[in-house]
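Numbers restart at 1 for each chain; the letters A, B, ... are given by sequence-line order, proteins then strands.
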Amino acid sequence: MADRPLTIFDMFGPVMIGPSSSHTAGIARIAFLARSIFDGEISAAKATFYGSLARTWKGHGSDKALVAGLLGIYPDDERLGFSLEIARRMNLNVEIISEYRMPGRYHPNTVVIELSGGGRTLRVRGASVGGGSVLLQSINGFDADLTGELDAVLVLHHDEIGVLAGVTAALAGHGVNIACAASHRREKGDEALLVVEVDDHVPSAAIAAVERIRGVISAVHVPARSC
Amino acid sequence: MNTRFSSAAELLALVAESGLHLPAFMLERDSFLTGKSVAETHEELFRRMAITRQSLQRGLSERQSSFSGMTGGNAILASASADPPVRDGFFNKAVAYSLAVNEVSACGGKVVAFPTGGSCGIVPGVLWAWHDERETGEPFRSDRMAEAFLCASAVGIVIATKATLSGAAGGCQAECGAASAMAAGALSWLMRRDAGSVFNAAALALKNSLGLACDPVAGLVEVPCVKRNAFMAVAAITAASLDAAGIRSYIPFDEVVEAMRSIGESMPSSLRESAEGGLAMTPTGKTCADRVR
Ligand code: SF4
């Protein structure tokens, strides 16, 4: 994925609210991805900033960026600067923790986001890898490498034969072309997470079709970055 | 369409093969890679150019102030300077504009990273200063200005492909250094419309930044970043001046980028955005860090 040829707008972009493409825009995008994956009303959120983010999040407004992303505000939207007030008005409580010690395998710009609401929880670990580009490296304990550059479909399923073929067929049946697919297992248990990046818009009927496949627990559409 | 290149030499060969000029080739290539039409890609380019222009106007008209208090108000001072040592509109505007755009970024305003947030004032600062002094016509619809922004991007893509554009990976040579090379190349295009000159000017500028540390105070993209945007704008102008005079970089662009990559790799991590060395560790820098943490 990192190997794709770079375009003009990889240089001349992202359009962003400053100051830092990695500590502001990138964090907003990670939070936005988390919100898309959670796919429901968030009642409480906790974010842990690691390493250099732990030291600089106040000055770089990473907290505002994070809350903006959780509220569905894009990294180029000037409401980002007022996200804390907006969250307060909406009674969304976001706890922020600074963790100066860094687990060895973490990227230097790492944030862990935990969301809860409607009886569900989500825990993602995201890395802001530079220039506003991001990588979700862990989703509810599954290793992943989701960039958000393309539309994606995340499928939680039992580790059974035939799920991948079923998902491929269901998406193809709705005219959705697969760019790449990777399956991730947790250390224990029989569940697996299939991350499918696609080239086309994903209609909600395609997600419904995926959810009907035997062995599939849930499926969610994560739209691509929009700036 | 063959879109892959990993050096300026390869890019220039593809451009020659295409029969297009460099910025037109970049536009076609982008359209090919993204599946969007050339017209749509051009529109998006104009949209982003307009945003840089808005950040610039905001930075010159509103007093900015950052969370840390380290940044703000200098673009206004620069643009109102009563008796600057250099009496040239283009030069003075480039200094004020690049400061203005980067102050807006540092203060949480809307900008376009180019290539990064910390270096986002350099290319627009130089190019809009040139436009306002030397070009006629509507800035947001100027094909010549669009070509210049495309050439800057072409230089950036080669650096990113061969090395890095991240201060954390390669020091500030990779951010503000790269941006000054991009601005130099773009300015050279406006003067000479020659793809070889773009990379000659870029090589001259990039050599000047090799080894530049990234040591931001308190880890914030403010000191030395904001003022460095002004210095790098001037470096870009100097490089384009040398290029316009027919002066060649002894080391070709691709080799300069390779040198930048290897210098970045041998830089200690204390000088790669970690705020553990250089200006960040000065008494004043440490006091600031304690205050904003
Ligand atoms: S000093 Fe570091 S943070 Fe500042 S602009 Fe340069 S690379 Fe970016």
Residues, nucleotides or ligands: over 12 heavy atoms within 6.0 Å of [X] [atom1]:
{"X": "Lys162(B)", "atom1": "NZ", "value": "yes"}
{"X": "Phe140(B)", "atom1": "CZ", "value": "yes"}
{"X": "Met1(B)", "atom1": "CE", "value": "yes"}

Under a 4.5 Å heavy-atom cutoff, which of [options] has the most pairs with chain A?
{"options": "Ser274(B), Ala275(B), Gly108(B), Cys120(B)", "answer": "Gly108(B)"}
{"options": "Val292(B), Val111(B), Leu33(B)", "answer": "Val111(B)"}
{"options": "Thr52(B), Ile159(B), Thr164(B), Leu45(B)", "answer": "Leu45(B)"}
{"options": "Thr116(B), Val221(B), Ile157(B)", "answer": "Ile157(B)"}

- Item | Charged N-O contact under 4.0 Å between Glu197(A) and Arg4(A) |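 Judged by the 4.0 Å cut-off on N to carboxylate O distance, Glu197(A) and Arg4(A) do not form a salt bridge.
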- Item | Arg48(B) and Glu44(B) ion-paired at < 4.0 Å |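 Looking at Glu44(B) together with Arg48(B), the answer is yes, because their closest N to O distance falls below 4.0 Å.
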- Message: Against Leu171(A), only a single residue in Asp200(A), Val196(A), Ile207(A) fulfils side chain to side chain contact (heavy atoms under 4.5 Å, CB included); can you say which?
- Response: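 Exactly one option meets the side chain to side chain contact (heavy atoms under 4.5 Å, CB included) with Leu171(A), and it is Val196(A).
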Checking heavy atoms, do the side chain of [X], its backbone, both or neither come under 4.5 Å from chain A?
{"X": "Ser166(B)", "result": "neither"}
{"X": "Glu276(B)", "result": "side chain"}
{"X": "Met49(B)", "result": "both"}
{"X": "Ala218(B)", "result": "backbone"}
{"X": "Phe149(B)", "result": "side chain"}
{"X": "Phe114(B)", "result": "both"}

- Message: Side chains of Asp290(B) and Thr287(B): any donor to acceptor distance under 3.5 Å?
- Response: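 Short answer, no.
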- Measuring heavy-atom distances to chain B, does Ser52(A) have an atom under 4.5 Å in its side chain, in its backbone, in both, or in neither?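 Neither; nothing under 4.5 Å.
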- Step by step, would you call Leu80(A) with Tyr74(A) a side chain to side chain contact (heavy atoms under 4.5 Å, CB included)? CA-CA 8 Å; Leu80(A) 185 148; Tyr74(A) 284 112; over 6 Å; no
- Could you tell me which of Gly59(A), Ser21(A), Ser20(A) has the largest number of non-hydrogen atom pairs under 4.5 Å with chain B?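 Ranked by heavy-atom pairs under 4.5 Å with chain B, first place is Gly59(A).
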- Query: Run the side chain to side chain contact (heavy atoms under 4.5 Å, CB included) check on Phe9(A) and Thr41(B) step by step: do they pass?
  - Reply: CA-CA 9 Å; Phe9(A) 301 123; Thr41(B) 310; 3.9 Å; yes
- Task: Using the side chain to side chain contact (heavy atoms under 4.5 Å, CB included) rule, take Leu22(B) and Phe199(B) through it: C-alpha gap first, then chi angles, then the decisive distance, then the call.
- Result: CA-CA 11 Å; Leu22(B) 172 66; Phe199(B) 286 98; 4.3 Å; yes
- Please list, in residue-number order, every residue in residues 61-72 of chain A that has a heavy atom less than 4.5 Å from any heavy atom of chain B; write 'none' if there are none.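 Within residues 61-72 of chain A, no residue comes under 4.5 Å of chain B, counting heavy atoms only.
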- Where do Ala186(B) and Leu127(B) come nearest, in terms of heavy atoms and distance?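 That would be CB-CD2, 3.8 Å.
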- Message: Filter on salt bridge (charged side-chain N to carboxylate O under 4.0 Å, His left out), then keep only pairs touching residues 98-114 of chain A, sequence neighbours left out; what's left?
- Response: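 Qualifying pairs: Glu99(A)-Arg101(A).
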